[in-house]
Amino acid sequence: MVCKLSTRLMNICVASFCKVQQLEKAEAVIVDAIRLGTLPDVVTYNTLVAAYCRFVDLDAGYSVLHRMREADIYPNVVTYNSLIAGASNHCLLSRCLDLFDEGIRPDVWSYNTLMHCFFRLGKPEEANKVFQDIVTSKLSPCSTTFNTMLNGLCKNGYTANALMLFRSLQRHGFIPQLLTYNILIDGLCKSGWLRAARTILKELGKSGLSPNASTYTTVMKYCFRARQFEEGIEVFHEMKDKGYTYDAFAYCTVNSAFAKTGRLEEVYDLLYEIEEAGLKCDQYTHTTLIDGLCRAGNIDGALKHLKYMDTLGFDSNLVAYNCMVDRLCKAGYTNNALKIFETMEVKDCITYTSLVHNLCKERRFLHASKLLQACLNRGMKVRRPTQRVVVKGLHRSGLYSEARMLQSKI
DNA sequence: ATAGGGTTAG
């Protein structure tokens, strides 16, 4: 009894660490447990297989499978489903299919995952075959089967079929989940079927379910895309009134819309609100803000925000820097842009392309040529038009030997 | 397991 309890406790610990992507700590729990006489069971290993497939890769999942076999613990359908999901997430279709032939009888989850894999690879016919197989076989489809099918149809451009399937399912007694509604609303909006989307939204309201942050974010997205900003912001307020005030995803959507339309005061307010609530914006949001500030002519504000962004500990702020460099040039501060460029540890072909073009505009062809060569030396690709601008400029300025040198590197 | 947002050069 004591032993069983401790295995369960160990599994809960392992699962908790896996959930937050701390796989070393999960492994350490197992090591400690073994030392105290508690052995991992099939659940422990299944948790690990799922985590390694998800956060590392399929082979890492397989290596857990081997460890499992060495420990004389037999994998079951859950183990295989995790591997199938791992193969599917990394778009490894043939390995996904291989897993169906390894002696474990697949269940409806296995097929759901396979169907999802086909849809992600843009193979709706194959996905549909799997769906038909599930429906006609002894496996009974679950709501995930239907949700996955509806989502896949929408994402692959079969919105009409999705709507037809949805209605047909309802006639057969299928009760949609909130997720089902969210999938359909997004799919219908994406295809421009706004009236149908509104109908579904109304049905959601009548169903007794309440829209969640995801629903609101979807609706907002399409309002902003259709340039109906006031309507989008109204939706945002409704969302907050309903109590969804802690979803960074939704906030960042609004943030970007503000930044793009020059409503910078409101962005700053919202950013403050987000950070006050202890939420975090990602690189995209900050980059959009920096871009918006530049476009509004507030270069100093953008520089200040870029510095602030540097303190936030993102892996890379490359795009924000690229943006800053380009906007500085366009605002006439090319030398400042070059100074920033020199401080950048990571650069990509966009950094170079941007500077090369801006330098050419200022007829600083020699400088542009040096940068272009540096870029090529680092093995980065530069598009033809960019190369041509520099070579032409050098010729026009009579810098023939430099032109020849550049040509030889191209 | 399946649903939501967003960035730079030419």
Q | Contact summary for A:I84 and A:C96, nearest pair of heavy atoms | A |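 Heavy atoms only, the tightest pair is CG2-SG, 3.7 Å.
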Send over the distance from [X] [atom1] to [N] [atom2], rounded to a whole Å.
X: A:I84; N: B:dT2; atom1: CD1; atom2: C1'; value: 16 Å
X: A:N317; N: B:dG6; atom1: CG; atom2: P; value: 20 Å
X: A:F224; N: B:dG4; atom1: CZ; atom2: P; value: 17 Å
X: A:K361; N: B:dA9; atom1: NZ; atom2: C1'; value: 10 Å
X: A:N147; N: B:dT2; atom1: CG; atom2: C1'; value: 6 Å
X: A:H286; N: B:dG6; atom1: NE2; atom2: P; value: 16 Å
X: A:Y181; N: B:dA3; atom1: OH; atom2: C1'; value: 15 Å
X: A:L289; N: B:dG6; atom1: CG; atom2: P; value: 16 Å

How is [X] classified with respect to the nucleic acid when contacts are heavy atoms under 4.0 Å: base, sugar-phosphate, or nothing?
X: A:S354; answer: sugar-phosphate
X: A:L179; answer: base
X: A:N112; answer: base
X: A:A213; answer: base
X: A:D282; answer: base
X: A:N212; answer: base
X: A:D348; answer: nothing
X: A:K330; answer: sugar-phosphate

In terms of side-chain heavy atoms of [X], which of [options] is nearest?
X: A:H116; options: B:dG10, B:dT2, B:dG6; value: B:dT2
X: A:V319; options: B:dG4, B:dT2, B:dT7; value: B:dT7
X: A:R327; options: B:dT8, B:dG10, B:dT7; value: B:dT8
X: A:N182; options: B:dA3, B:dT2, B:dT8; value: B:dA3
X: A:D186; options: B:dG4, B:dA9, B:dT2; value: B:dG4
X: A:K260; options: B:dG10, B:dT8, B:dG6; value: B:dG6
X: A:D326; options: B:dA9, B:dG4, B:dG6; value: B:dA9

Q. Under 3.5 Å, is there a donor-acceptor pair between the side chain of A:S256 and the main chain of A:C252?
A.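 Judged by distance alone, yes, a pair lies under 3.5 Å.
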Q: Say whether, by atom type as modelled, one donor and one acceptor occur between the side chain of A:N298 and the main chain of A:C294 under 3.5 angstrom.
A: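 No, because the side chain of A:N298 does not come within donor-acceptor range (under 3.5 Å) of the backbone of A:C294.
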Q) Is any N or O donor-acceptor pair between the side chain of A:T217 and the base of B:dG4 shorter than 3.5 Å? A)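 Answer is yes: a donor-acceptor pair is held.
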Q: Look at the side chain of A:T287 against the base of B:dT7 and say whether a donor-acceptor pair falls under 3.5 Å; ignore hydrogens and angles.
A: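 Present.
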Q.
For A:R364, give me all partners under salt bridge (charged side-chain N to carboxylate O under 4.0 Å, His left out), at least two apart in sequence or on another chain.
A.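 Salt bridge (charged side-chain N to carboxylate O under 4.0 Å, His left out) check on A:R364 returns A:E362.
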Q) Which residue pairs pass the ring-ring contact (aromatic ring centres under 6.0 Å, His included) test when at least one of the two sits in residues 140-168 of chain A, sequence neighbours left out? A)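 Output for this query lists A:F146-A:F174.
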**Q.** Cation-pi check, A:K347 onto A:F341 ring (under 6.0 Å, within 45° of axis)
**A.**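 Verdict for A:F341: a cation-pi partner in A:K347.
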Q) Are the side chains of A:F100 and A:S110 in touch, meaning some heavy atoms are under 4.5 Å apart? A)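 The answer is yes, as the side chains (C-beta and beyond) meet within the 4.5 Å cut-off.
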Q. Of the options A:T47, A:N46, A:D41, which is the one that meets A:N11 in a side chain to side chain donor-acceptor pair (under 3.5 Å)?
A.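 It is A:D41, the one option of A:T47, A:N46, A:D41 that forms the side chain to side chain donor-acceptor pair (under 3.5 Å) with A:N11.
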Q) Is B:dG6 syn or is it anti, if syn means the base angle is within 90 degrees of 0? A)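 What B:dG6 shows is a syn base, its glycosidic angle lying within 90° of 0.
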Q) Which residues in residues 375-389 of chain A have at least one heavy atom lying under 4.0 Å from any atom of DNA chain B? A)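 Contacts with DNA chain B under 4.0 Å: A:R383.
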**Q.** Below 4.0 Å: OP1/OP2 of B:dG4 and any side-chain N or O of A:K155
**A.**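 Affirmative; the distance criterion is met.
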Q: Indicate the ring-plane relationship of A:Y251 and A:F236, choosing parallel, tilted or perpendicular according to the 30° and 60° boundaries.
A: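 Rings of A:Y251 and A:F236: perpendicular, over 60°.
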